[in-house]
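For reference, the structure discussed in these notes is given below.
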There are 2 protein chains.
Amino acid sequence: MNIKDIAKISGVGISTVSRVLNNSGVVSDTTRARVLSVVKKYNYVPNSNARNLKKIQSNTIALMVKGISNPFFANMIKEVERQVHLRGCPLMIQQVEDGVDEVGAAMQLIKEKNLYGVIFMGGTYDHSEEEFRQLGVPFVLTTITTLKDVDPSAFSSVSIDDVQSAYKATSYLISLGHRHICFLARFPFRENTIGSRRLLGYKKALEEHGIEYDPALVEDCEYAPSFGFAAAKRLLNKNLGVTAMFAASDAIAIGAAKAVLSSGLSIPGDVSIVGFDGIEMAEYYHPSLDTVSQPGVEMAHVSVEILFDLIGGETANRHVVFESMLVKRGSSRKIN
Amino acid sequence: MNIKDIAKISGVGISTVSRVLNNSGVVSDTTRARVLSVVKKYNYVPNSNARNLKKIQSNTIALMVKGISNPFFANMIKEVERQVHLRGCPLMIQQVEDGVDEVGAAMQLIKEKNLYGVIFMGGTYDHSEEEFRQLGVPFVLTTITTLKDVDPSAFSSVSIDDVQSAYKATSYLISLGHRHICFLARFPFRENTIGSRRLLGYKKALEEHGIEYDPALVEDCEYAPSFGFAAAKRLLNKNLGVTAMFAASDAIAIGAAKAVLSSGLSIPGDVSIVGFDGIEMAEYYHPSLDTVSQPGVEMAHVSVEILFDLIGGETANRHVVFESMLVKRGSSRKIN
DNA sequence: GATGTGTATCGAAACGATTCGACGAGCCTA
DNA sequence: TAGGCTCGTCGAATCGTTTCGATACACATC
């Protein structure tokens with residue numbers, strides 16, 4: 001069943017059917033009604049391959065997300081989808097394996113499918129300005145850090161200030177009297193990853209309060225509970241008199257909390273903990289975990305807005321930096 | 001840059017380029033090498049719209065998942081993607097909003113994109129045999145229950161036995177001496193939803209052990225911590241002498257555990273808790289939550305296998321029922 | 001009656017691939 | 001040397017849309 005059949009059955013020309021389906025050009029009301037009834041009757045759905053082929057540009061948006069299983073992204077993905085559908089466009093969610101060249105993959109998709117635009121979500125990108133420029137369609141980087149020094153005018157982004165956010169959390173712990181605060185995050189030995197930016201904020205807070213930075217208090221671990229657990233165990237075994245832990249994600253914090261509690265220590269009695277992201281599970285941990293919360297849903301929303309502004313012809317790239325929020329629940333306390 | 005350009009630059013015909021790219025037909029080695037070098041040099045990627053249009057059938061697989069944010073699905077999605085890519089096919093992940101007609105949405109996609117096959121993941125489907133049949137491409141239902149009585153020969157599925165699994169968990173709690181066991185799940189007042197099937201298992205266990213079923217011990221709640229928390233609170237307020245809780249998901253269990261702990265009760269001292277699914281967070285809760293674990297990754301793997309068998313011409317539908325596993329950690333104990 | 005102006009519609013050309021029938025060159029065979 | 005076969009290649013037709021120029025009619029204008 002194709003447009004030709006529909007045209008024949010309706011007793012009109014092909015182009016008339018096309019105009020009815022696309023609400024373009026003029027069609028008399030009676031013809032429109034007749035065509036629509038036939039379309040409905042035969043459950044006709046236009047073939048998007050043919051449509052996109054002819055239109056050179058499809059209206060499909062792609063979401064390239066690094067680590068689709070990251071719970072922090074869950075609500076963001078949902079919001080991106082909601083917003084994109086609201087604008088009448090289909091969304092393709094593409095999970096990007098760790099270690100895959102995500103911009104290259106996007107490039108492939110863009111050429112293959114004549115994409116309308118792309119949102120990149122999560123991770124650290126090691127791409128040059130030139131590579132981004134070559135994409136040829138509007139795109140937005142959401143909660144992403146770029147390793148190479150890319151001119152801000154070459155891309156749009158939505159993020160929080162990681163340095164400032166980590167600074168905020170660390171300062172909070174210091175203000176509660178903590179002096180031996182450890183920090184758990186992933187450090188791929190490169191500048192400008194999420195982990196190293198948060199480390200910067202951590203260091204800055206220590207320095208401002210005259211506390212010497214002790215590398216032994218910093219543990220490298222992936223963003224998952226099992227790694228947080230192992231890292232915290234290692235730290236506790238060092239017997240450095242740690243009274244507080246700051247984790248670069250709630251998943252890490254949950255694992256670390258488990259390590260603390262299962263060592264017979266209490267939270268926040270013996271050890272205070274602050275996480276990062278603001279996922280729902282952290283709130284329902286016992287005790288409820290303090291965290292630096294990112295406004296994920298709004299960030300997703302704004303990402304889509306920026307993308308469609310660019311698609312709509314806006315030429316100026318935008319960089320929206322959201323404010324993170326220190327959420328105090330029950331996992332830290334004042335000491336001394 | 002299209003196939004015509006590549007052909008011209010390489011000094012060969014269009015069809016030769018096509019044959020090189022598809023490894024079909026005969027092409028001399030020298031010609032092949034020449035074409036490939038041109039393709040590489042200009043970074044040419046064939047347009048998939050044109051390709052799929054002509055081929056009538058694309059090689060794209062769609063994954064329709066209800067609730068992409070469900071942490072239990074996270075690893076399954078990853079595995080589906082891995083397996084599908086391994087077979088050289090692109091995967092389209094499609095989040096299905098609650099309340100959306102997922103089979104209708106799939107139907108639309110299938111017609112639009114000439115899909116190769118579809119995997120449906122999660123939820124309860126209220127579709128008739130006829131509707132499934134109309135899809136016209138191979139499909140597999142993974143961790144899904146169907147409301148209508150659909151002939152098993154009309155679809156393939158991968159699942160666990162929900163009745164048996166709930167029976168197992170409840171029996172375990174009973175064997176520990178518990179008599180007032182509550183059950184938390186989502187009941188949309190229909191038979192054959194995940195919630196009502198697990199309720200069946202719960203009832204069966206009670207009955208077999210001569211414990212009377214008390215509807216007051218059963219609470220309706222969505223599959224998220226906040227709902228589990230509220231439901232458990234309601235239950236505790238009823239003062240029914242509950243000593244154990246069985247939750248139909250780990251997310252519910254985590255919320256319920258929070259409610260118990262924040263009421264000043266201890267786990268498993270005062271209340272034992274068993275969850276369902278086997279997500280990582282449940283293990284890192286404190287105390288570690290007992291759960292009925294589903295082998296999600298294997299289920300995803302087998303789903304893809306079945307799908308490609310069907311695509312490959314296999315005509316017999318298969319129904320693979322996995323064994324769930326009762327994982328005993330630290331959230332239940334013997335009483336009396 | 002010739003011309004102009006809308007309005008509703010049509011058909012043909014494109015979009016970029018695949019594929020099938022055809023064809024030429026080279027070689028073997030009778 | 002004619003005929004048949006193989007190998008490598010070509011070009012045209014095709015997939016199902018969109019879109020643009022053309023057309024046909026009705027009606028108003030001069």
Flag if over 12 foreign heavy atoms under 6.0 Å of CG, A:D29: no
Hey, do the aromatic rings of B:F139 and B:F155 have their centres closer than 6.0 Å? no
Find the distance [X]:[atom1] to [N]:[atom2] and express it as a whole number of Å.
X      : N      : atom1 : atom2 : result
B:E112 : D:dT17 : CD    : C1'   : 13 Å
A:N52  : D:dC15 : CG    : C1'   : 14 Å
A:N114 : D:dT18 : CG    : P     : 14 Å

Report, as a single string ordered 5' to 3', how protein heavy atoms within less than 4.0 Å touch nucleotides 16-23 of chain C: B base, S sugar-phosphate only, - not at all. BBBB----
Donor-acceptor pair between B:T142 and B:S303 side chains, under 3.5 angstrom: yes
Carboxylate-amine/guanidinium contact A:E79 A:R82, below 4.0 Å: yes
Electrostatic pair A:K148-A:E129, nearest N-O below 4.0 angstrom: no
Heavy-atom distance under 4.5 Å between the side chains of B:T143 and B:F73, does that happen here? yes
Classify B:T31 by what it touches in the nucleic acid, base, sugar-phosphate, or nothing, heavy-atom distance under 4.0 Å. sugar-phosphate
Strictly below 4.0 Å: does B:S28 bring a side-chain N or O up to OP1 or OP2 of D:dT9? yes
